[in-house]
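Numbered from 1 within each chain, the chains take letters A, B, ... in sequence-line order.
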Amino acid sequence: MANPFHEKIYKLLRKVPKGRVTTYKALAEAAGTKAYRAVGQAMNKNPYGILNCKGENMVPCHRVVDSKCHLHGFAHGLKKKKELLEKEGIRIENNKIVDFEKILHKF
DNA sequence: CGCAGTCTAGCAC
DNA sequence: GTGCTAGACTGCG
């Protein structure tokens with residue numbers, strides 16, 4: 001959270017409730033930018049790893065997918081991401097979100 | 001499938 | 001301090 005950019009991204013992402021997901025596009029637009037890639041960078045470099053979800057400052061980067069509900073890389077591996085999402089009640093099929101539109105959180 | 005657009009972080013000079 | 005490259009993306013051809 002070194003920059004307002006990251007700050008916004010993390011803040012917005014933390015706003016996503018359990019059992020819901022969001023997209024890089026939504027985060028980028030909500031942050032006031034079009035650099036969708038930068039959002040992904042922030043997730044990958046984010047200091048609040050998913051494994052640090054003990055505190056309130058966690059960044060559920062595993063709840064972030066692309067516009068096509070397709071899961072991309074994950075700091076801990078897509079496999080871990082899938083398990084975490086399913087653990088929250090989200091179904092994953094071939095690295096894709098099931099009922100994507102229903103669990104998609106919009107800002 | 002491939003190229004271009006947009007932003008940040010990291011490394012090189 | 002400035003410059004170039006790469007990356008968890010998206011949209012269009």
Asks: Is it the case that atom NZ in A:Lys96 sees more than 12 heavy atoms from other parts of the structure closer than 6.0 Å?
Replies: yes
Asks: What closest approach, in Å, do A:His6 and A:Ala42 show between heavy atoms, and which atom pair accounts for it?
Replies: NE2-CB, 3.5 Å
Asks: Base, sugar-phosphate, or nothing for A:Asp66, non-hydrogen atoms under 4.0 angstrom?
Replies: sugar-phosphate
Asks: What is the distance, to the nearest angstrom, from the CD atom on A:Glu7 to the P atom on B:dC7?
Replies: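 Taking CD of A:Glu7 and P of B:dC7, I get 19 Å after rounding.
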Asks: Using the side-chain heavy atoms of A:Arg37, tell me which of these nucleotides is nearest: B:dG10, C:dG7, C:dG11.
Replies: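 Minimum distance to the A:Arg37 side chain belongs to C:dG7.
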Asks: Output yes when A:Glu86 and A:Lys82 qualify as a salt bridge under the 4.0 Å nitrogen-oxygen rule, no when they do not.
Replies: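 Yes, A:Glu86 and A:Lys82 are salt-bridged.
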Asks: Find the distance A:Lys68:NZ to C:dC12:P and express it as a whole number of Å.
Replies: 10 Å
Asks: Measure from CG on A:Asn44 to P on C:dG7 and round the result to the nearest Å.
Replies: 10 Å
Asks: Are side-chain N/O atoms of A:Lys80 and A:His62 paired as donor and acceptor at under 3.5 Å?
Replies: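 No pair is found: no donor N or O on one side chain lies under 3.5 Å from an acceptor on the other.
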Asks: Of all the choices, C:dA8, B:dT8, B:dT6, which nucleotide is nearest to the side chain of A:His6 once you look at every atom?
Replies: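 For A:His6, the side-chain atoms sit closest to B:dT8.
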Asks: Closest nucleotide of DNA chain B for A:Gln41 versus for A:Tyr36: which of these residues is on the 5' side?
Replies: A:Tyr36
Asks: Let me know the distance between NZ of A:Lys34 and C1' of B:dT8, rounded to the nearest Å.
Replies: 15 Å
Asks: Give a yes or no on whether a salt bridge exists between A:Lys87 and A:Glu83, defined as a side-chain N under 4.0 angstrom from a carboxylate O.
Replies: no
Asks: In this structure, how many angstroms lie between the P atom of B:dA9 and the NZ atom of A:Lys45, rounded?
Replies: 10 Å
Asks: Which one is paired to B:dC11, where only Watson-Crick or G-U wobble pairs with both distances under 3.5 angstrom count?
Replies: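 Pairing partner, where one exists within any strand: C:dG3.
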Asks: Rounded to the Å, how far apart are A:Asn46 CG and B:dA9 P?
Replies: 12 Å
Asks: If B:dT6 has a Watson-Crick or G-U wobble mate with both distances under 3.5 Å, name it; if not, just say none.
Replies: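 Check on B:dT6: unpaired, no WC or wobble geometry under 3.5 Å.
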Asks: Starting at atom NE2 of A:His70, determine the distance to atom P of B:dC1, rounded to an integer number of angstrom.
Replies: 11 Å
Asks: Would you mind reading off the distance between A:Leu71 atom CG and C:dC9 atom P, rounded to a whole angstrom?
Replies: 11 Å
Asks: Tell me which nucleotide among C:dA8, B:dC7, B:dG10 gets nearest to the side chain of A:Phe74.
Replies: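 Closest of the options to the side chain of A:Phe74: C:dA8.
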